[in-house]
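In the text below, chain A, chain B and the rest are named by the order of the sequence lines, each starting its count at 1. The analysis underlying the following values was restricted to heavy atoms, covering all of them including side chains, and did not include hydrogens, waters or symmetry mates. Source: prediction; values computed, not measured.
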Protein chains: 2
Amino acid sequence: MQPSPALIDEPPSETPSPRQQAVLDAALALMVEGNDPLTMDAVARRASCSKETLYKWFGDRDGLLTATVRWQASRVHAGRYEVSGLDATTLRENLLDFAESWLAVIGSRTSVALNRIAIAEAGSRRSNLGGIVLANGRFAIGERVKPVLEAGRAAGLLAFEDSEAAFRTFFGLVGRDIQIRLLLGDALDLDAAGIRSDAARAVEQFLALYGRAKP
Amino acid sequence: MQPSPALIDEPPSETPSPRQQAVLDAALALMVEGNDPLTMDAVARRASCSKETLYKWFGDRDGLLTATVRWQASRVHAGRYEVSGLDATTLRENLLDFAESWLAVIGSRTSVALNRIAIAEAGSRRSNLGGIVLANGRFAIGERVKPVLEAGRAAGLLAFEDSEAAFRTFFGLVGRDIQIRLLLGDALDLDAAGIRSDAARAVEQFLALYGRAKP
DNA sequence: CGGGAGGCGTACCGTACGGTACGGTACGGA
DNA sequence: TCCGTACCGTACCGTACGGTACGCCTCCCG
């Protein structure tokens, strides 16, 4: 199953200037604090800029939101790909690393706030904020994990037919009910130790399902 | 891990009158259509009642939303418990049934719309709509599935220490990325056949992880 | 038949918020 | 020194929406 066409990310659109980045950071900070409903006025006040500048730079509220999501996403994408010469240990470490970083992301207040806004927007307006969040979250990590899974299969460590299906199982084992509970306001705290043990459990379960003793 | 105190459902509050049920159905219909932002005026128009009546019956917008969520939940809860004399086939059937009905719920437009509103509300207001949705969704099904798992363990069919943890794994295997994708607006269609095969796969994976050949 | 209650439709109020206009200031180039 | 540009702060406008008030109709009960 591929991302549907509507979710393809638009051309990256040049990176914002430092001042613009400061504005976007202000918007992020407001979202994370979550007290104000992220009004344009609040962003302008927080960033010490005028609303007119906001509209000049980002067009409208939706443009600001979109730029904010992209800006945040641009800071999260930092991954190393090590798919050549994969042995069981390396595979396990790779999966563990993905699981940990994914749990850290979905557990962060930033991610929760961003997803809440995108979900709320997806229910009403025709801004594909939701599509952008999906493209930079769920689908981005899928595209990074699947090569690892396929390398594991090529090395005889994993057995599956459809890497997308295998990844979705991995995704479910890692995330379980965490994201929906956080989004709905459950006070679920994930400390670093909890994330590590959760990730380890998910990886072991995944390997139990898809692992294959090397012949 | 127990539901946090904030999520305990308030006393059931007497069932709405037929006329009130019609109003709540109108609200649900509007949410599902998703074109309007669910304004009080729209509900009143759709239900052919006056806004004043809405406020008289439900107090305020939040009360209407809460009543709507409860009303919808009251229609979904219909489960049979068969935990005595569990054999492998019955266990598998029970789990399959839970998985199928859960997938049908989270895939329904009603659930998506309701969760979107609850999530949006959880980001701002202090209404625990999110808590109510969680209590009637994720936690309600957990309380129904766990006895089945424990009966399976008592019958020597399953092996686990913590039934909550086992259930969360089951939850992840069933739901995977479906709910977050739907919430974010991905056009993921789940037909009955897809739900059946998804549920079957999840159950087999769960049994592969937690099943134990009867001694 | 009279009167009260419940409820519909509509008009209205206050506020919040997206978006615009405008004056004032700092700064860089001619 | 003068001018244009970019931007800040603030005032302003229009609209949408939560919540309230009121007139009128219907129906039930005496």
Atom-pair distance ([atom1] on [X]; [atom2] on [N]), nearest Å:
X	N	atom1	atom2	result
D36(A)	dT15(C)	CG	C1'	16 Å
M40(A)	dC12(D)	CE	P	21 Å
L54(B)	dC8(C)	CG	P	9 Å
K51(A)	dG18(C)	NZ	P	7 Å
L30(A)	dC17(C)	CG	C1'	15 Å
E52(B)	dA11(C)	CD	P	15 Å
Y55(A)	dC13(D)	OH	P	17 Å

Could you identify which residues of residues 56-63 of chain A place a heavy atom less than 4.0 Å from some atom of DNA chain C, listed by residue number, or say none?
-> D60(A), R61(A)
With F171(A) as reference, evaluate F206(A), W102(A), F139(A), F98(A) under the ring-ring contact (aromatic ring centres under 6.0 Å, His included) test and give the passing residue.
-> W102(A)
Taking only the side-chain nitrogens and oxygens of [X], find out if one of them lies under 4.0 Å from OP1 or OP2 of [N].
X	N	answer
S50(A)	dC7(D)	no
R19(A)	dC8(D)	yes
T39(A)	dG18(C)	yes

Would a 4.5 Å heavy-atom cut-off, applied to side chains only, mark L24(A) and P16(A) as touching?
-> yes
Could you check whether [X] pairs with [Y] (Lys NZ or Arg NE/NH1/NH2 to Asp/Glu carboxylate O, under 4.0 Å)?
X	Y	value
D198(A)	R176(A)	yes
E204(B)	R92(B)	yes
D25(B)	R75(B)	yes

Shortest non-hydrogen contact from L149(A) to L158(A)?
-> O-CD1, 3.6 Å
Is the F160(B) ring parallel, tilted or perpendicular to the Y210(B) ring (thresholds 30°, 60°)?
-> perpendicular
Scan nucleotides 24-28 of chain C against the protein and return all N/O pairs shorter than 3.5 Å with their distances rounded to 0.1 Å.
none

Report the residue (A44(A) or D41(B)) whose heavy-atom-nearest nucleotide on DNA chain D is the more 5′ of the two.
-> A44(A)
By side-chain contact (heavy atoms from CB on, under 4.5 Å), T110(B) pairs with (sequence neighbours left out) L28(B), V32(B), Q72(B), S108(B), L114(B)
Output yes when a side-chain donor or acceptor of R116(B) lies under 3.5 Å from a complementary backbone atom of L183(B), and no otherwise.
-> yes
